[in-house]
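Order of appearance sets the numbers: ligands from 1, and atoms from 1 within every ligand.
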Amino acid sequence: PNVKGDKISEETKILISSLPSDADGQGKKLCKYQGCWYYHNTLQGVLNFQRGFQPQETDIILASFPKSGTTWLKALAVALLERSKNRSSDDHHPLLSDNPHGIVPFLEIDMYIESSSPDLTKFSSLPRLFSTHMPLHTMQETLKNSPCKIVYICRNMKDTLISWWFFVCAIHKIELKRSILDSIYESFCSGAIYYGPFWDHVLSYWRGSLEDPKHVLFMRYEEMKAEPHDQIKRLTDFLECPFTKEEEESGLVEEVLELCSLSNLKSLEVNKTEKVNNVEHKNYFRKGEVGDWKNYLTPEMEKKIDMIVQEKLQGSNLKF
Ligand code: A3P
């Protein structure tokens, strides 16, 4: 999906030639670095990040596997951190004039895609809010000794896969064909998909959250949908910005949830008409339902995915 970053250094080209390689369903080349599959330009962004990122104590990093609720998490984090300055009814609220991806850039796909020393002046106000699709272990060396906070959002693999299918077809403006779903399904199952294997990604953050719960929060899309109040409070507690009694009584929790709801964000002019990195904002908002996979996956596909997930997560205490 990224269009920036065709600057791949000679050093990276040599590294790539030594890495396992594959291609995604659209034939785009992937290479496996530190256990995760990347497009070549994304790998360059990852390496630039590892080389150049300097964490600050107050940094917040929002992490996810693609199509797991990244946009929602970004919107919520922005709304929570902005709430002392802006109520959602305020015309100046950043979420009313930009897409959450425009406000919270990806480290390896946006900021570090072309350089290991990007211009960070936009991040002068604290805390700095970043996002990533990298697995946790790929950031750990760079973040070492920094107490920054990482929030991961996880979604069940079947809905993630269906969401990915719709997204890929939408951004490439191609017909939503069954054959494309079949090839994405095969890639998800083999693990050789952008940022995959899915299970290793999830496990990287799951283990991190168990080892260091003060710095890694593991959230689930399904829980956010089922109990948004409780989950947003988990998030604010983790970020050490809990709602005050007055804020709760004034209805601020509901206000934030409404501002960040799929229907509200989708209806905003900025998300209907504009683009970020050549991706139309509207493509980030679809149905947002739990279990939509039931409308598309065959019973055999369901069975195979369940089997793979069960096998891969065995012993981890993580359930889907
Ligand atoms: P569906 O394709 O199942 O509808 P990401 O943000 O990681 O790209 O994930 C996209 C998925 O999150 C899409 O799922 C999209 O509809 C859903 N989504 C986007 N914004 C949302 C919001 N504010 N609330 C709930 N779901 C949202």
Side-chain angles (χ1 to χ4, degrees), residues 1-2 42 61-80 88 93-96 98-110 129-135 151-172 176 180-181 184-185 188 193-196 198 201-202 205 219-229 231-232 235 253-268 270-272 275-297:
N2 37 321
T42 312
I61 301 177
L62 308 177
S64 60
F65 190 86
K67 312 322 292 171
S68 299
T70 324
T71 318
W72 193 12
L73 180 61
K74 287 186 182 190
L76 287 168
V78 170
L80 292 173
S88 61
H93 199 291
L95 286 170
L96 301 181
D98 202 351
N99 177 268
H101 293 286
I103 309 171
V104 188
F106 285 103
L107 289 162
E108 76 283 16
I109 312 175
D110 299 319
L129 198 50
F130 303 119
S131 68
T132 188
H133 288 317
M134 285 179 272
V151 182
Y152 184 69
I153 186 155
C154 159
R155 189 179 193 190
N156 79 73
M157 180 162 137
K158 289 176 277 194
D159 281 333
T160 305
L161 152 63
I162 293 301
S163 186
W164 186 242
W165 174 42
F166 274 92
F167 185 71
V168 165
C169 294
I171 60 171
H172 294 300
L176 191 74
I180 299 175
L181 173 58
I184 294 174
Y185 162 77
F188 260 82
I193 184 131
Y194 191 37
Y195 287 106
F198 174 84
H201 201 276
V202 174
Y205 286 94
M219 302 195 73
R220 285 167 173 263
Y221 187 89
E222 294 77 18
E223 288 177 354
M224 279 294 305
K225 293 281 293 187
E227 42 181 48
H229 268 81
Q231 293 301 318
I232 200 171
L235 179 58
V253 183
E254 290 73 17
E255 207 177 286
V256 166
L257 289 171
E258 171 49 30
L259 172 66
C260 299
S261 70
L262 177 59
S263 56
N264 183 57
L265 293 179
K266 201 175 184 170
S267 71
L268 297 174
V270 62
N271 290 325
K272 284 203 231 166
K275 289 183 183 181
V276 60
N277 290 347
N278 225 12
V279 175
E280 289 177 70
H281 291 167
K282 65 173 190 223
N283 293 330
Y284 287 104
F285 308 98
R286 194 181 65 92
K287 226 172 170 183
E289 275 175 17
V290 175
D292 191 38
W293 62 266
K294 291 185 185 134
N295 297 316
Y296 306 100
L297 297 182

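Between the OH atom of Y185 and the CD1 atom of I162 there is a distance of 11.0 Å, given to the nearest 0.5 Å. Atoms CE and CD, on M224 and Q231 in that order, are 7.0 Å from each other to the nearest 0.5 Å. Considering CG of L62 and CH2 of W72, their distance stands at 14.0 Å, rounded to 0.5 Å. The CD1 atom of I153 sits 12.5 Å away from atom OG of S131, with the distance rounded to the nearest 0.5 Å.
Of the heavy atoms in A75, none comes closer than 4.0 Å to ligand 1. Under 4.0 angstrom from ligand 1, the non-hydrogen atoms of L265 all belong to its side chain.
Nearest non-hydrogen protein atom to atom 3 (O) of ligand 1 is R155 NH2, 2.9 Å. Annotation: atom 7 (O) of ligand 1 to nearest protein heavy atom, T70 OG1, 2.5 Å. Ranking protein heavy atoms by distance to atom 6 (O) of ligand 1, first place goes to T71 OG1, 2.4 Å. When hydrogens are left out, the protein atom nearest atom 21 (C) of ligand 1 is L262 CD1, 3.7 Å; that is the closest non-hydrogen contact. The protein atom (non-hydrogen) at minimum distance from atom 8 (O) of ligand 1 is K67 NZ, 2.7 Å. Nearest protein heavy-atom contact of atom 13 (C) of ligand 1 is S163 OG, 3.5 Å. For atom 16 (O) of ligand 1, the closest heavy atom belonging to the protein is R286 N, 2.8 Å.
Not one N or O of F285 is nearer than 3.5 Å to an N or O of ligand 1, by distance alone. In terms of polar-atom proximity, defined here as any N/O pair under 3.5 Å, D159 makes no such contact with ligand 1. Any N or O atom pair closer than 3.5 Å counts here, and H101 shares no such pair with ligand 1. Where the criterion is an N or O separation shorter than 3.5 Å, residue side chain and backbone included, S68 meets it with respect to ligand 1.
In this structure, C260 counts as a contact residue of ligand 1, since one of its heavy atoms falls inside 4.0 Å of the ligand. The shortest heavy-atom distance from K225 to ligand 1 is not under 4.0 Å. Within the structure, ligand 1 lacks F167 among the residues with a heavy atom less than 4.0 angstrom away. Ligand 1 lies within reach of Y284, whose nearest heavy atom is under 4.0 Å from it.
Between Y284 and H101, the ring planes are tilted. Angles from 30° to 60° get that label. Ring-plane geometry between H201 and F65 is classed as perpendicular, the angle between the planes exceeding 60 degrees on a 0 to 90 degree scale with a lower cut at 30. Ring geometry for H133 against Y195 counts as perpendicular: the plane angle is over 60°, on a 0 to 90° scale with 30° as the lower cut.
Within the listing of ligand 1, atoms 4 (O), 16 (O) sit less than 4.0 angstrom from a heavy atom of K287.
Of the options P228, G288, G69, the smallest heavy-atom separation from atom 4 (O) of ligand 1 is shown by G288. Residue Y221 holds the heavy atom nearest to atom 17 (C) of ligand 1 of all those in Y221, W164, W72.
L95 is not listed as a side-chain neighbour of N264, based on a closest heavy-atom distance of 4.5 Å or more.
Side-chain atoms of T132 never come within 3.5 Å of backbone atoms of F106 as a donor-acceptor pair (strictly under, hydrogens ignored). K67 places no side-chain N or O within 3.5 Å of a backbone atom of R155 that could act as its donor or acceptor partner. The backbone N or O of K282 lies less than 3.5 Å from no partner atom in the side chain of K272, so there is not a single donor-acceptor pair.
Listed here is the closest heavy atom pair of C154 and E222: O-OE1, 3.9 Å.
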